[in-house]
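First comes the structure, then the notes that go with it.
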Protein chains: 2
Amino acid sequence: MNVYKDYLISKLGMNNDDADLFLSGFEEVIYKKGSFLQKEGDKCNVIRIILEGCARGFVVVNGKEISTNFYFENDHTYDYVNFLLNKKGTLNIKALDTIRAIEMTIEALEFLQSEVIGFHRMSFHMFKMNYIKTENERMNFIIKSPKERYLNLVKNNKHIISRIPQHQIASYIGISPEHLSRIRKEISTS
Amino acid sequence: MNVYKDYLISKLGMNNDDADLFLSGFEEVIYKKGSFLQKEGDKCNVIRIILEGCARGFVVVNGKEISTNFYFENDHTYDYVNFLLNKKGTLNIKALDTIRAIEMTIEALEFLQSEVIGFHRMSFHMFKMNYIKTENERMNFIIKSPKERYLNLVKNNKHIISRIPQHQIASYIGISPEHLSRIRKEISTS
DNA sequence: TTAACTCGTTGATATTTATCAAGAAAATTA
DNA sequence: TAATTTTCTTGATAAATATCAACGAGTTAA
């Protein structure tokens with residue numbers, strides 16, 4: 001967990017003791033490549049942070065898997081929307097590599113948040129960062145063409161380009177795998 | 001401001017005194033129809049809550065105005081993403097009606113949030129609700145067709161359908177005004 | 001009241017994108 | 001290594017969507 005502790009301290013500004021207290025609520029878990037971290041219909045009652053490996057969030061529409069998120073080191077993987085709405089999860093999350101993660105029940109997290117104001121602030125902060133990402137992606141669907149959305153990933157999300165299969169990236173930016181292939185060809189010959 | 005006070009108490013669970021304290025930081029402002037609440041490049045240093053009327057957020061791309069948000073009673077209209085990133089606003093917000101709103105500097109808000117833990121929790125809560133909306137819209141771009149996105153508005157956002165001109169709704173769901181017109185025709189004859 | 005403007009619709013056409021089918025290249029497994 | 005599966009590419013065609021142009025109905029403003 002030390003990698004994540006470093007992240008809490010250096011990136012999120014926690015002090016050493018708070019970081020230890022926060023991490024004490026977690027348990028380490030391994031997911032094998034191809035296994036599910038979460039299936040559609042599961043209750044979302046655990047928060048999960050990836051320490052190593054990456055995962056893909058997807059929904060199944062007309063028998064096809066459509067990617068909605070990718071998760072990497074230090075990312076949270078839980079279905080926050082359905083947790084907030086107290087509904088069952090609608091998301092599948094599958095390991096693309098062997099994953100090492102830490103997990104805590106949401107009840108434990110909420111207790112920490114209510115007892116230690118620093119945690120509450122930190123949760124809010126992490127949430128804001130996540131919001132910025134989501135809002136930017138939403139705006140990109142309104143404003144940009146598929147080609148521009150792809151170039152945006154190339155520029156700002158190299159980890160997605162380098163670690164995720166191309167056909168899964170395609171659905172993430174809202175196009176077919178064939179079309180993404182042609183967009184890439186067009187880019188490379190210009 | 002009493003309408004918004006009722007909203008704070010009944011919908012967001014604040015008590016009477018906290019609601020009064022919160023509202024004491026605000027000043028009431030009127031915007032005439034067609035005027036700008038905010039222009040691209042403005043510093044985002046004020047939070048604004050609409051009491052009456054509605055407004056449209058848009059960006060200009062290739063000389064065309066593309067709608068990115070609509071704001072109604074009780075909505076916040078500030079450019080949160082650019083505020084968080086400490087950048088200049090990228091959004092234009094224009095009054096579609098005469099608007100009555102209340103405004104507070106962000107510094108004043110942050111002071112209240114740091115002094116009164118209830119405000120901090122409330123801010124987080126409002127933020128979460130906003131996040132759910134944004135994330136759902138992002139997912140709709142990935143998963144749903146333009147027709148389905150429009151039907152979704154008809155079902156869940158009647159205030160948008162009834163109060164916003166159709167060609168502005170079109171860009172909001174990522175299509176041309178002509179295409180939305182044809183989608184509507186198709187729906188009405190089936 | 002007339003003139004100008006906004007809004008929605010429709011048709012013709014061009015462009016973009018999806019779908020279907022096949023195969024090559026790369027990675028994984030037996 | 002051979003076999004299998006996954007991934008990516010390409011071509012042909014179909015479907016979806018944008019663009020351009022025109023028009024009429026309402027609204028707003030002079």
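Residue numbers start from 1 in every chain, and the chains themselves are labelled A, B, ... in the order their sequence lines are given, proteins ahead of strands.
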Any donor-acceptor pair under 3.5 Å joining the side chain of A/E178 to the base of D/dC8? no
Would you mind reading off the distance between A/K94 atom NZ and D/dT6 atom C1', rounded to a whole angstrom? 12 Å
When rounded to whole Å, the CD1 to P distance for the pair A/I187 and D/dT9 reads 11 Å
Tell me the interatomic distance from B/I183, atom CD1, to C/dT9, atom C1', rounded to whole angstroms. 14 Å
Parallel, tilted or perpendicular, as decided by the 30° and 60° cut-offs, for the rings of A/F141 and B/F141: parallel
Report which part of the nucleic acid A/R182 touches: base, sugar-phosphate, or nothing (heavy-atom distance under 4.0 Å, all strands). base
Return no unless some side-chain N or O of B/K185 is found under 4.0 Å from OP1 or OP2 of C/dT9. no
Stepwise side chain to side chain contact (heavy atoms under 4.5 Å, CB included) check, A/F26 with A/I47: CA-CA 9 Å; A/F26 281 99; A/I47 75 158; 3.8 Å; yes
Take the protein atom CG of A/L180 and the nucleotide atom P of C/dT16, then report the distance between them rounded to whole Å. 16 Å
Taking atom P of D/dA15 as reference, at what distance in whole Å does atom CD of B/E186 sit? 14 Å
Check: A/T90/A/E40 side-chain N/O donor and acceptor closer than 3.5 Å: no
Qualifying residue for ring-ring contact (aromatic ring centres under 6.0 Å, His included) with A/F124, from B/Y131, B/F127, B/F119: B/F127
So which of residues 139-176 of chain A are in contact with DNA chain D, with a heavy-atom cut-off of under 4.0 Å? A/P165, A/Q166, A/H167
Looking only at the side chains, is there a donor atom on one of A/S67 and A/S171 sitting less than 3.5 Å from an acceptor on the other? yes
Counting only side-chain N and O atoms of B/R184, is one of them less than 4.0 Å from OP1 or OP2 of C/dT9? yes
Within the structure, does a side-chain N or O atom of B/K33 lie under 4.0 Å from either OP1 or OP2 of D/dA29? no
Looking at A/H125, I'd like to know if its NE2 atom is crowded, meaning that more than 12 non-hydrogen atoms belonging to other residues, nucleotides or ligands lie closer than 6.0 Å. no
Taking side chain as C-beta onward, heavy atoms only, is B/L180 less than 4.5 Å from B/Y150? yes
Assign each of A/H179 and B/H179 the nucleotide of DNA chain D bearing its closest heavy atom; nearer the 5' end lies the nucleotide of A/H179
